Amino acid sequence: MSILKVENLTKRYPGVVALDNVNFEIGPGEIRGLIGENGAGKSTIIKSIAGAIPFDEGRLIIDGREYTSIAPTEAIQRGISVIYQEFNLIPSMTVAENIFLGERIGGRFRVDFREMNRRAEEIFSRFGVEIDPGAQVGSLSTAQMQLVEIAKAISKDVKVLFMDEPSASLSVSETEVMFEIVRALKKDGLAIVYVSHRLEELFELCDSVTVMRDGHTIETRKIEALDRPGLIRLMVGRELNETYPERSPASAEVVLELKNVYGNGDVGISLQLHKGEILGLGGLVGCGRTELAKMIYGAVPIDKGEMLLFGQPVHLTSPADAIEKGIGLIPEDRKTEGVFIDFPIDWNVVIQCLRKISGKGVVNISAMDEISKRYISEMNIATPSAHQLVKNLSGGNQQKVVVAKVLATQTKVIIFDEPTRGIDVGAKQEIYRLMNDLTKQGISILMISSDMEELLGMSDRIVVLNEGAVAGELTKAEFSQIAVMELASSH
């Protein structure tokens, strides 16, 4: 018996059919994986079911009731709840206030905060989680915020819970805690739709998987009837034989060097990046990798020590300085730090080199058009036009826009901070090939990655950080997951 059924759902945008006669159903007590490449339609179908965007054709059947359109409030009343990849929490409010936001708890003219806190405690204790209901959400860790999102979702009379990339920012141990909660919800009879690019999670958690491609539902199978290669084949519609491109040896020429640099912790950091090299930067979450990247990019000051670029000392006071000297950054959070999400592709591509294509305060539109079209073509950005808003692109194509923006400045050193986080296996292949091509052109890459396979597969050398200090360096011959983890976790 299905609790949610989707029939022939269709959603069109100008120049794009995001959903094309999509069919989907799920029953109570089932965990269904929903997967596909970026742009396959996963987020669109979730938002359509939740009433966040209107669909053009088709119908929903929720607990036996039919809908040809649905508003967000009606979806919530019918038991549809969504935990989006970007947290929908108010940092200045308490945990309990976030969980019960919009609900009346107390009398007509007052809020019963004691009762609100009690109910929040009850939800957390149900799953063996300790979070202070009175704590401000802004003071919580990422993992705790994710648990607050889950508590917020199940505080209603939820029947179908959508979880969009819930483990993207969690460590392995934090993810396992979340898995236990999801399994407990399954036992309580909830239908759970789990979206993840981490295929191993689907095999560990899900009962079945629905694969989407180009706005269509391709197939739904029981998880035991699938293996990883078969799942990838269904997602991309083709064989992906090589996970990581073959690397050519890097030059001996040192492009970037840090000499006993402080500003990231109590210990000086020294490292070298060679021409045409991918230097991996490994370590556990919170070890200081992103902070180091921001120091190199001029966003965080260097307290002591020396940074050399092509053998010459450089003193960066801002990211603008770094860009001027040929250093670019692909940030971890592309939507808030990498692109202007509400602006078109062409403006995003040229935003860091506007001075070069402007005269007397006026932008040369033909030059902007030429540059943006060049990178859209070179990077195979899937878009009907250079004027398409970045927010309408898939995650993989948004990442390509961030890279194009950096390349347009004629950079020589690029810092990739989590280059493939939140993008699908096919888009990952394109990013890997792009990184490989850049190094062949003599561009040097410093790559921060929490994906162990990616770190080992793409790096020429790996420097491991531990509590803000360099714990060790590994050559290609020394690469192994154990070697990285021993350095990352040693005291």
Side-chain angles (χ1 to χ4, degrees), residues 245 247-259 261 269-281 289-302 305-332 334 337-339 348-357 367 370-372 374-375 378-379 399-419 430-449 458-463 473:
R247 301 279 304 131
S248 300
S251 165
E253 180 185 349
V254 177
V255 171
L256 175 75
E257 184 172 7
L258 302 184
K259 290 186 173 181
V261 166
I269 290 177
S270 297
L271 59 81
Q272 291 182 338
L273 174 64
H274 299 104
K275 184 177 181 180
E277 180 184 35
I278 296 180
L279 176 62
L281 202 57
R289 295 172 302 174
T290 295
E291 291 77 10
L292 177 60
K294 289 182 176 179
M295 285 167 56
I296 296 171
Y297 191 57
V300 173
I302 293 174
E306 190 175 36
M307 184 166 93
L308 290 84
L309 192 63
F310 294 102
Q312 300 300 313
V314 289
H315 304 282
L316 306 179
T317 59
S318 69
D321 274 356
I323 293 166
E324 185 67 28
K325 288 180 170 58
I327 300 174
L329 171 66
I330 314 296
E332 179 181 9
R334 62 176 172 266
E337 298 180 341
V339 289
N348 271 282
V349 170
V350 303
I351 197 71
Q352 290 185 339
C353 59
L354 277 177
R355 288 184 181 178
K356 295 179 181 178
I357 60 169
E370 182 182 340
I371 292 170
S372 60
R374 171 191 166 189
Y375 284 106
E378 286 185 6
M379 304 193 61
Q399 185 75 325
K400 290 179 187 178
V401 173
V402 183
V403 178
K405 180 188 73 173
V406 172
L407 292 179
T409 65
Q410 304 300 305
T411 186
K412 299 295 186 294
V413 175
I414 304 179
I415 305 165
F416 279 81
D417 193 352
E418 303 290 357
E430 292 193 56
I431 295 295
Y432 295 153
R433 281 195 293 269
L434 170 66
M435 293 170 71
N436 203 40
D437 290 344
L438 291 174
T439 59
K440 288 178 181 178
Q441 297 167 29
I443 293 173
S444 305
I445 293 174
L446 179 64
M447 183 187 72
I448 300 168
S449 181
M458 285 299 296
S459 303
D460 298 312
R461 287 183 300 128
I462 297 174
V463 169
E473 179 183 312

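Treat the numbers as computed from the prediction; the structure is a model and nothing was measured.
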Salt bridge (Lys or Arg N to Asp or Glu O under 4.0 Å) involving E418 - partner list, sequence neighbours excluded: R289, R421

- prompt: Between CD1 of I278 and CD1 of I414, what distance do you get to the nearest 0.5 Å?
  reply: 10.0 Å

query: Just wondering, do P331 and V402 contact through their side chains at under 4.5 Å, heavy atoms?
result: yes

- line: Residues N436 and R247: closest non-hydrogen pair is OD1-NH1, 2.5 Å

task: Locate the shortest heavy-atom distance separating P419 from M435; write the atom from each residue and the value.
output: CB-SD, 4.3 Å

- request: Find the distance between CG (L292) and CD1 (I302) and round it off to the nearest 0.5 Å.
  value: 8.5 Å

- prompt: So I431 and K400, side chain to side chain contact (heavy atoms under 4.5 Å, CB included) or not? Walk me through it.
  reply: CA-CA 8 Å; I431 295 295; K400 290 179 187 178; 4.3 Å; yes

- prompt: Do the side chains of L407 and I443 get nearer than 4.5 Å, heavy atoms only?
  reply: yes

- prompt: What are the two closest non-hydrogen atoms of A322 and Y297, and how far apart are they?
  reply: CB-O, 3.2 Å

statement: Sequence neighbours excluded, the answer for salt bridge (Lys or Arg N to Asp or Glu O under 4.0 Å) partners of E473 is R461

task: Check P301 against M295 and note the closest heavy-atom contact, atom names and distance.
output: O-CG, 4.2 Å

- prompt: Within the distance-only criterion (no hydrogens, no angle test), does the side chain of T411 pair as donor or acceptor with the backbone N or O of G328 below 3.5 angstrom?
  reply: yes

message: Quick check for you: to the nearest 0.5 Å, what is the distance between I327 atom CD1 and K412 atom NZ?
response: 11.5 Å

query: Which heavy atom of A408 sits nearest a heavy atom of I371, and at what distance?
result: CB-CG2, 4.2 Å

- prompt: What residues form a salt bridge (Lys or Arg N to Asp or Glu O under 4.0 Å) with E291, not counting sequence neighbours?
  reply: none

Closest non-hydrogen atom pair, V349 against S372: CG1-CA, 4.1 Å

statement: In this structure, CG of L434 is separated from CD1 of I445 (nearest 0.5 Å) by 7.5 Å

query: Among all residues two or more places apart in sequence or in another chain, which pass the side-chain contact (heavy atoms from CB on, under 4.5 Å) test with K405?
result: I351, Q352

- prompt: Is the number of heavy atoms from other residues, nucleotides or ligands within 6.0 Å of NZ (K325) greater than 12?
  reply: yes

- line: One should read off an interatomic distance between L258 CG and L271 CG, to the nearest 0.5 angstrom, of 4.5 Å

For residues 306-317, please give each side-chain donor-acceptor pair under 3.5 Å, one per line with the distance, not counting sequence neighbours.
| residue | atom | partner | partner atom | Å |
| --- | --- | --- | --- | --- |
| T317 | OG1 | D321 | OD2 | 2.7 |

field: Contacts of Y432 that satisfy ring pair (Phe, Tyr, Trp, His ring centres under 6.0 Å) - sequence neighbours left out
entry: Y244

Intermediate values then yes/no, side chain to side chain contact (heavy atoms under 4.5 Å, CB included), F416 and V403: CA-CA 9 Å; F416 279 81; V403 178; 4.0 Å; yes

- prompt: Taking everything shown except E324 itself, do over 12 heavy atoms lie less than 6.0 Å from its CD?
  reply: no

- request: Determine whether I296 and V413 make a side-chain contact, defined as any pair of heavy atoms from C-beta on separated by less than 4.5 Å.
  value: no

statement: Distance col, row I448:CD1 vs D417:CG, nearest 0.5 angstrom, shows 4.0 Å

Residue pair E277 / S459, side-chain heavy-atom distance below 4.5 Å: no

